J.: 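The structure that follows is given in the form of structure tokens.
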Amino acid sequence: MKIATYNVNGVNGRLPVLLRWLKESAPDIACLQELKAPQEKFPLQAIEDLGYQAIWHGQKSWNGVAILSKVGEPVEVRRALPGDPEDLHSRYIEANINDLRIGCLYLPNGNPAPGPKFDYKLAWFKRLTAHAKKLLAEDIPVILAGDYNVIPTEMDVYKPESWTKDALFFPESREAYAKLVKQGWTDALRKMHPEEKIYTFWDYFRNAWGRNAGLRIDHFLLSNHFDKKLLAADVDRQVRGWEKTSDHAPVWIEIKHAVKK
DNA sequence: ATGTCTGCGATGCGCAGA
């Protein structure tokens with residue numbers, strides 16, 4: 001079974017690219033972030049036409065997350081992280097798909113840092129970490145996929161010294177990610193490619209894609225149920241080179257898991 | 001500091017967010 005995550009940066013503006021990628025890469029399950037569309041403007045028909053069922057949590061202008069599946073209905077479990085009823089950003093959605101639990105997340109960027117946006121990022125991270133702990137305690141196969149807006153280590157950025165003043169690479173952000181992983185999660189991309197420079201995002205600025213000046217900020221965290229079931233993990237880099245593309249590339253994993261249709 | 005996308009509101013561009 002192939003599961004993907006993709007920050008589309010505008011689901012409607014990106015629709016041709018999204019549909020082409022879904023056809024060519026054909027993930028069984030796809031988590032999308034940065035829909036930048038209100039609930040009623042999600043392009044459901046075009047996605048259903050490709051054989052997917054979908055749930056999504058839209059928001060006007062900003063954020064927005066979705067879970068697509070063609071291997072069983074995504075049955076929504078929650079559409080926000082617990083812990084702050086006043087947080088109205090659409091950044092999290094979680095579903096059961098057959099016997100899998102999938103959490104799709106868009107962690108706050110946090111820039112400029114320090115400042116209130118960085119405080120929000122860390123507070124959101126704390127809530128995610130608390131929720132992740134509860135998910136592990138349920139002892140079910142769980143995948144937390146999405147745009148974490150964190151560069152975990154110096155290995156995950158083309159030029160670490162350029163990013164020391166950025167919320168994506170601040171020590172607090174990296175420590176929060178490390179603390180989360182340490183609960184017992186596996187960083188799937190890093191596990192399958194322990195020595196490799198892997199990027200999932202290239203800025204629109206300064207010809208970042210042309211220079212391969214990338215960051216690894218889109219991650220798959222897997223519960224220990226997948227320790228012996230992770231077959232492959234990689235980035236659909238070619239998508240970043242397409243016309244009118246997102247600044248992120250899709251990331252995917254392949255797991256040994258029966259597909260129930 | 002720069003740079004370039006997105007969506008939106010009020011225009012023929014400026015703004016915020018990333």
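The analysis underlying the following values was restricted to heavy atoms, covering all of them including side chains, and did not include hydrogens, waters or symmetry mates. The chains referred to below are lettered A, B, ... by the order of the sequence lines, with proteins before strands, and numbering in each begins at 1. Here the structure is a predicted model, which is why all the values come from computation and not from measurement.
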J.: Does some side-chain heavy atom of Y148(A) sit less than 4.5 Å from a side-chain heavy atom of L180(A)?
T.: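 Heavy-atom side-chain distance check passes, below 4.5 Å.
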J.: Would you find a donor on one side and an acceptor on the other, under 3.5 Å apart, between the side chain of K121(A) and the backbone of N149(A)?
T.: yes
J.: Take atom CG of L35(A) and atom C1' of dC8(B), then tell me their distance rounded to the nearest Å.
T.: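 In whole Å, dC8(B) C1' lies 16 Å from L35(A) CG.
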J.: Heavy atoms under 4.0 Å, any strand shown: does K244(A) hit a base, just sugar-phosphate, or nothing?
T.: sugar-phosphate
J.: Under 4.0 Å, heavy atoms only, any strand: does R211(A) hit a base, just the sugar-phosphate, or nothing?
T.: nothing
J.: Calculate the interatomic distance between Y204(A) atom OH and dA18(B) atom P; express it in whole Å.
T.: 14 Å
J.: Looking at I29(A), T5(A), L222(A), which one forms a side chain to side chain contact (heavy atoms under 4.5 Å, CB included) with I253(A)?
T.: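 Testing I253(A) for a side chain to side chain contact (heavy atoms under 4.5 Å, CB included) against I29(A), T5(A), L222(A) leaves exactly one candidate, L222(A).
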J.: For T245(A) and for H248(A), locate the closest nucleotide of DNA chain B by heavy-atom distance; then report the residue assigned to the nucleotide nearer the 5' terminus.
T.: T245(A)
J.: Measure CG/N207(A) against C1'/dT4(B) and give the value in whole Å, please.
T.: 12 Å
J.: According to a strict under-4.0 Å criterion, is K117(A) in side-chain N/O contact with OP1 or OP2 of dG17(B)?
T.: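 Result: yes.
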J.: Could you tell me how far dC15(B) sits from dA10(B) if I compare only their P atoms? Round to whole Å.
T.: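 Rounded to whole Å, the distance is 14 Å.
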J.: Taking the same atom, P, in dG12(B) and in dA1(B), what whole-Å distance lies between them?
T.: 30 Å
J.: Does the ring of F201(A) carry R216(A) above it, NZ/CZ under 6.0 angstrom from centre and within 45° of its axis?
T.: no
J.: Nearest whole Å is fine: how far is dG7(B) P from E34(A) CD?
T.: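 For the pair E34(A) CD and dG7(B) P, the rounded distance is 10 Å.
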J.: Phosphate oxygens OP1/OP2 of dT6(B): is one of them under 4.0 Å from a side-chain N or O of R14(A)?
T.: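 For dT6(B), OP1/OP2 do have a side-chain N/O of R14(A) under 4.0 Å.
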J.: Out of dA18(B), dG17(B), dC8(B), which nucleotide sits closest to the side chain of K36(A)?
T.: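 When the side chain of K36(A) is considered, dG17(B) is the closest of dA18(B), dG17(B), dC8(B).
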J.: How would you label the contact of Y106(A) with the nucleic acid (heavy atoms, under 4.0 Å): base, sugar-phosphate, or nothing?
T.: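 Sugar-phosphate contact only - Y106(A) comes under 4.0 Å of backbone atoms but never of a base.
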J.: Could you tell me how far dT11(B) sits from dA16(B) if I compare only their P atoms? Round to whole Å.
T.: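 Approximately 16 Å lies between the P atom of dA16(B) and that of dT11(B).
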J.: Please work out if D247(A) contacts a base, only the sugar-phosphate, or nothing of the nucleic acid, heavy-atom cut-off 4.0 Å.
T.: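 No contact at all - D247(A) keeps every heavy atom at 4.0 Å or more from the nucleic acid.
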J.: Side chains of D234(A) and W252(A): any donor to acceptor distance under 3.5 Å?
T.: no
J.: What is the separation between atom CH2 on W163(A) and atom C1' on dT2(B), rounded to the nearest whole Å?
T.: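 For the pair W163(A) CH2 and dT2(B) C1', the rounded distance is 13 Å.
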J.: Can you tell me which nucleotide in dT4(B), dA18(B), dC8(B) comes closest to the side chain of K60(A)?
T.: dC8(B)
J.: Given atom CG of N12(A) and atom C1' of dG7(B), what is their separation to the nearest angstrom?
T.: 10 Å
J.: Could you tell me the separation between the CH2 atom of W124(A) and the C1' atom of dA18(B), rounded to a whole number of Å?
T.: 16 Å
J.: Could you check which of dT4(B), dC8(B), dT2(B) has an atom nearest any side-chain atom of P38(A)?
T.: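 Of all the options, the side chain of P38(A) is nearest to dC8(B).
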J.: Sub-3.5 Å donor-acceptor pair from the side chain of R240(A) to the main-chain atoms of A249(A), do we have one?
T.: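 Here the side-chain-to-backbone pair does not exist.
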J.: Between dG3(B) atom P and R206(A) atom CZ, what is the distance in whole Å?
T.: 10 Å
J.: What distance, rounded to whole Å, do you find between the two P atoms, one in dG7(B) and one in dT2(B)?
T.: 25 Å
